[in-house]
Amino acid sequence: TGGIACGKSEVGRILKKIGFDVCDADHIAHALMKKGTPVFQQIVDYFGEEILSADREISRPYLGEIIFKNSSEREILNQMVHPVVRTHLEQWILEMEQAGKRAAALVPLLFESKMNDLAWDSILCIESNNGLVLKRLKKRGINQEAAVRRLTSQMSLPEKMKRAEYVISNSGSLEFLEQTTRETVNRIEAEREL
């Protein structure tokens, strides 16, 4: 887990590279919100058809504008999406355990959604400094005001770091991030063998 634009996806790519099966909770949520799914219908019924793009899919940027301006609307959306994501993650964890695979899940809102009580072996928090985070969000086309709204809508990074068992810093080069990720994985696996 970690804050927005802290490098969770990059750590996910590194974990894949070193032999992990990686599940991204955001990808699950996006799939659940596709046209024709029960979650899609629930969201459209509540937020209205104006959230749909020309192809009649949910416009995530438009929906994002709504929910990052209004915390109660964000909470309603989370109540529609998080329980279904949780069910998918529970099933995935079970499958990974039964197959004896090395596995990791990227769950941005792990603590906010209370999914930290799932059967995780360890919780890692990816952190980065605010200046870099804002630069990364700008590269994604998110302006400063919207970026700050998104940052403040999540649990604070120091709080996430405090709740996690391990912290990986992503304020340097990609090489440093990979080295730190590999070292952290080695440490976790060594501690599990004790």
Side-chain angles (χ1 to χ4, degrees), residues 1-34 39 60-61 63-64 67-68 74 77-78 80-97 99 101-130 132-133 136-137 139-140 142 147 150-151 153-172 174-189 192:
T1 194
I4 189 169
C6 279
K8 296 176 298 295
S9 298
E10 199 57 52
V11 169
R13 281 190 280 282
I14 294 164
L15 291 172
K16 274 185 187 168
K17 187 174 163 182
I18 60 176
F20 279 76
D21 276 67
V22 177
C23 177
D24 188 331
D26 276 352
H27 293 169
I28 295 171
H30 299 162
L32 291 169
M33 293 168 66
K34 287 274 181 211
V39 174
R60 291 199 351 258
L63 184 57
I67 65 162
F68 288 113
R74 187 170 59 253
L77 178 67
N78 288 343
M80 294 175 191
V81 177
H82 288 171
V84 195
V85 171
R86 181 187 183 91
T87 300
H88 277 69
L89 281 173
E90 286 171 333
Q91 183 60 41
W92 179 80
I93 291 168
L94 193 61
E95 287 168 13
M96 293 297 108
E97 283 176 347
K101 292 187 173 184
R102 291 167 92 201
L106 312 179
V107 189
L109 301 177
L110 181 76
F111 298 113
E112 294 91 332
S113 64
K114 306 202 178 10
M115 287 190 229
N116 52 303
D117 68 354
L118 293 175
W120 310 117
D121 291 324
S122 303
I123 296 175
L124 287 77
C125 179
I126 317 306
E127 70 88 21
S128 192
N129 70 58
N130 266 359
L132 277 174
V133 166
R136 290 175 190 144
L137 290 172
K139 274 187 185 171
R140 294 182 194 177
I142 299 170
R150 288 174 188 227
L151 278 171
S153 75
Q154 296 183 349
M155 179 184 289
S156 77
L157 194 52
E159 183 60 29
K160 287 185 181 197
M161 290 163 63
K162 195 166 69 179
R163 293 183 185 201
E165 290 142 301
Y166 302 90
V167 175
I168 294 175
S169 178
N170 183 25
S171 294
L174 285 177
E175 293 76 22
F176 179 74
L177 180 63
E178 181 165 343
Q179 178 193 337
T180 310
T181 301
R182 286 176 181 270
E183 286 170 359
T184 305
V185 166
N186 291 340
R187 210 169 110 211
I188 291 168
E189 291 183 335
R192 284 183 65 196

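The shortest distance between side-chain heavy atoms of L177 and I14 falls below 4.5 Å. For the pair R86 and S113, the minimum side-chain heavy-atom distance is 4.5 Å or more.
One finds the CD1 atom of I28 at 11.5 Å from the NE2 atom of H82 (value rounded to the nearest 0.5 Å). Distance check: M115 CE to L89 CG gives 6.0 Å after rounding to the nearest 0.5 Å. Atom-to-atom distance recorded for R150:CZ and I67:CD1 is 7.5 Å, nearest 0.5 angstrom. Atoms OG and CD1, on S128 and I4 in that order, are 12.5 Å from each other to the nearest 0.5 Å. Annotation: the span from T180 atom OG1 to R182 atom CZ amounts to 11.5 Å, rounded to 0.5 Å. One distance of note links CG of L118 with CG of L110; it measures 7.5 Å at 0.5 Å rounding.
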Hey, can you pull the donor-acceptor pairs under 3.5 Å for the side chains in residues 15-25, sequence neighbours left out?
from : atom 1 : to   : atom 2 : distance (Å)
K17  : NZ     : E178 : OE1    : 3.0
K17  : NZ     : E178 : OE2    : 3.1
D24  : OD1    : D26  : N      : 2.8

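Between A164 and C125, the closest heavy-atom pair is CB-CB, 3.6 Å. A pairwise comparison of heavy atoms in L132 and N170 identifies CD1-O, 4.1 Å as the closest pair. Closest non-hydrogen pair, L157 versus G3, comes out as CD1-N, 3.5 Å. The two residues I123 and E165 have their closest heavy-atom pair at N-OE1, 2.6 Å. Taking every heavy atom of both residues into account, L106 and S9 meet most closely at CD1-CA, 4.1 Å. Considering every non-hydrogen atom in both I188 and S122, the closest pair reads CG2-OG, 3.4 Å.
Heavy atoms from other residues, nucleotides or ligands lying under 6.0 Å from CZ of R60 number 12 at most.
Listed by chain and number, the residues in a salt bridge (charged side-chain N to carboxylate O under 4.0 Å, His left out) with R136 amount to none (sequence neighbours excluded). Looking at residues two or more places apart in sequence or on another chain, you find a side chain to side chain donor-acceptor pair (under 3.5 Å) between S169 and E127. Evaluation of the side chain to side chain donor-acceptor pair (under 3.5 Å) rule for R102 yields E189 as partners, not counting sequence neighbours. In this structure, the side chain to side chain donor-acceptor pair (under 3.5 Å) partners of E95, at least two apart in sequence or on a different chain, are Q91. Not a single side chain to side chain donor-acceptor pair (under 3.5 Å) links H88 to another residue, sequence neighbours left out.
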Q: Mind running side chain to side chain contact (heavy atoms under 4.5 Å, CB included) on V107 and W120 for me, showing each step along the way?
A: CA-CA 11 Å; V107 189; W120 310 117; 4.2 Å; yes
Q: Go through N116 and T1 one step at a time and tell me if the side chain to side chain contact (heavy atoms under 4.5 Å, CB included) criterion holds.
A: CA-CA 10 Å; N116 52 303; T1 194; over 6 Å; no
Q: List the steps and the verdict of salt bridge (Lys or Arg N to Asp or Glu O under 4.0 Å) for R187 and E183.
A: CA-CA 6 Å; R187 210 169 110 211; E183 286 170 359; over 6 Å; no
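Under a 3.5 Å cut-off, the side chain of T181 and the backbone N or O of V11 do not form any donor-acceptor pair. Checked by atom type and distance alone, the side chain of K160 never pairs as donor or acceptor with a backbone atom of L109 at under 3.5 Å.
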